[in-house]
Amino acid sequence: MASKVTLGPVLAATTAASIGVAKKFDLPMAQTVGTALAAAIPFYFLVWLSYLYPIYFSELRHVPTVPGNPLWGQFFTIITEECGVPQRRWHKELGPIIRYYFPFGAERLSIADDEALKHMTVKNPYNYPKPVRAKLWMVRILGEGVLLAEGQDHIVQRKALTAGFSIGAIRSLSPIFWEKSLIMAKLWKEEMTTEHLKVKSFEALEWLNRCTLDIIGKAGFGYDINSLENPDVPIREAYRLVFAFDFFSRMLHGMQAFIPASKHIPAKMNRDMETSRGIILDKATEIISTKLNEAENNVGAKDILALIAKENKKLKESGEQGLSFNTMRDQIMTFLGAGHDTTATGVAWTIHLLSTHPEIQSKLRDEIKSHMPFLFDPSTRNDDSLLAAADPDKLPFMDNVCRESLRYIPPIPMTVRQSIADDQLGPYKVPGGTVIYVLANTINRLPTFWGENADEFDPDRWDNLPQTVVPNAFMTFLQGPRGCIGRKFAETEMKILLCALLSEFEFARDYDTPDPEEWKMWRLVLRPKEGVTVRATLLGEGEGN
Ligand code: HEM
């Protein structure tokens, strides 16, 4: 089978052949070579790459393919619709493994087949690393931590981090989750009191981003960021800049995946990225220096990083490879980045969905009230011993709501991988180098897994799941050794935030603002373009009570 010849050899062969022809027929050399190259380049891109190769030669030609011209493929559909939505349609029509094209016949696979997903994510994750290009911009902000490490490096890093994310470790962090969540609710209430309002609209996503940043700072590293009280702290500003998604920034990000040197273009986005990277890197260096010092002196902090630093010390003492200073610093960058925006987006979407499903909101509030009545009484709301005993995992409907919200709108809608060797996915041969998408925002909504009501937000489904729902039908946290290490952290944090907010406020849609579901933008997370603005009513006051 013809392999996908790259442009270099084509140019070399064309040049050599045209030199031969020029000599043999005594033609002007420069003109002959120039004409041959001028014909070869368009032929290569327009005929070979965009027509002959994908349709007649590629090994992937047997994979059910989305109809369309490979020259521009489905690229415009993909970039103009919500991430994962076109693929939902295509999988429904063409089956669980499909092929589509990016411009110039670039083949892409999307996988929604249980066995193939298991093969990629659980059994052979190291044969399917993240493509180098996809990592380029992420590495500047997220560091070279566990999220972007591959192969043996990843195994070593993940092992050193596991203790810090055990269920026991997360449980011991609950007081911090409560503290910050209650502060956020208190600040909303104070604003309403100061403005003599019983009902007020809040843009919840920005507030939740600050709250989760404060939580990861303190629970993750024993470091108080306090961005709830000080919205303009540099580290929060750094993330605001990084995740800005004006049109020009997105174009430049896209360009950097193909032309890495474009990060030096003196554009605002590049300056913002460098400023943000500087702030995040300095903060991570400051934190890790303190932590390593504490671990050396056996200071008994309980945050995740302290556990990791202790574990690392033990590993090194027993002769195993531990993590270097830079790797640990990069883990902090990873946790800061991966560990706050994701949960904030998940909670913001949940609050939005509760505001559009008032009966579910009431049922959830009733459940919170029956298990944690003290939260509804201002005189006991902040009682440490009651908070210590409050276990959000004992609320079954809360569990259903959170899972359903994370299924319905997965904060990370997709991940991309590239095979390193020839392999077999389902019935198809997949050559090394194939780019493959695992789209949570597609898989989580497929009727083949979830039944005909896959597109409904229905928390009760979790009490009676169809047999077709396998673990890989829920891709919000991915699966296997590359799945989210912070899953338990995020789930606990999410439930506690909802307990703190729903015990103080009732939420309704603010119809003066755009419907957040209408325009979800992909910027690492699936973000509502204008945020999530909700009308919060103090419980027992104002409308609705
Ligand atoms: C609702 C919230 C969250 C969601 C939806 C989520 C989702 C994910 C997903 C899909 C991945 C795989 C990404 C990929 O390989 O392409 C991932 C990896 C990861 N997540 Fe999360 N995450 C959440 C919260 C958190 C939190 C709170 C932390 C840290 C405290 C965290 C830390 C990480 C790390 C370190 C990885 C890399 C794991 C590895 O490659 O071994 N995440 N997450």
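Every heavy atom of this structure was used, including side-chain atoms; hydrogens, water molecules and symmetry mates were not. Ligands are counted one by one from 1 in listed order, and the atoms in each one are counted from 1 as well. Predicted model, so just to flag it, every value in this text is computed and none were measured.
In this structure, the ring of Phe507 has its center no less than 6.0 angstrom from the ring center of Phe202. Ring pair Tyr239/His340: centre-to-centre distance below 6.0 Å. Ring centroids of Phe474 and Trp462 are separated by less than 6.0 Å, placing the two rings close together.
Only the side chain of Arg158 comes within 4.0 Å of ligand 1, judged by heavy-atom distances. Contacts between Ile304 and ligand 1 below 4.0 angstrom, taking non-hydrogen atoms only, are absent altogether. Residue contacts with ligand 1 for Arg417 involve side-chain atoms from C-beta outward but no N, CA, C or O (heavy atoms, distance under 4.0 Å).
By the 4.0 Å N-to-carboxylate-O rule, Glu179 lies close enough to Lys218 to be salt-bridged with it. A salt bridge does not link Arg236 with Asp214: every distance from a Lys NZ or Arg NE/NH1/NH2 to an Asp or Glu carboxylate oxygen is 4.0 Å or more. The pair Lys363-Glu367 fails the salt-bridge criterion, with no side-chain N (NZ, NE, NH1 or NH2) lying under 4.0 Å from an Asp/Glu carboxylate O.
For the residue pair Tyr126/Gln152, the side-chain donor-acceptor check at 3.5 Å is not satisfied. The closest side-chain donor-acceptor pair between Arg417 and Thr415 falls under 3.5 angstrom.
At least one donor-acceptor pair under 3.5 Å links the side chain of Gln361 to the backbone N or O of Leu354.
Which of Glu493, Met414, Arg482, Met494 comes nearest to atom 12 (C) of ligand 1 through a heavy atom is settled by distance: it is Arg482.
Distances shorter than 4.0 angstrom do not occur between any heavy atom of Ala440 and any atom of ligand 1. Not a single heavy atom of His340 lies less than 4.0 angstrom from ligand 1.
Less than 4.0 angstrom separates some heavy atom of Thr476 from each of these atoms of ligand 1: 5 (C), 7 (C), 10 (C). Within ligand 1, the atoms closer than 4.0 Å to a non-hydrogen atom of Ile216 are 30 (C), numbered from 1 in the order shown. In the vicinity of Gly483, heavy-atom distances shorter than 4.0 Å reach the ligand 1 atoms 38 (C).
Trp450 is not listed as a side-chain neighbour of Pro466, based on a closest heavy-atom distance of 4.5 Å or more.
Applying the ring-ring contact (aromatic ring centres under 6.0 Å, His included) test to His119 and every residue at least two apart in sequence or in another chain returns nothing.
Nearest non-hydrogen protein atom to atom 16 (O) of ligand 1 is Thr415 OG1, 2.5 Å.
Excluding waters, the count of protein N/O/S atoms less than 2.8 Å from atom 21 (Fe) of ligand 1 comes to 1.
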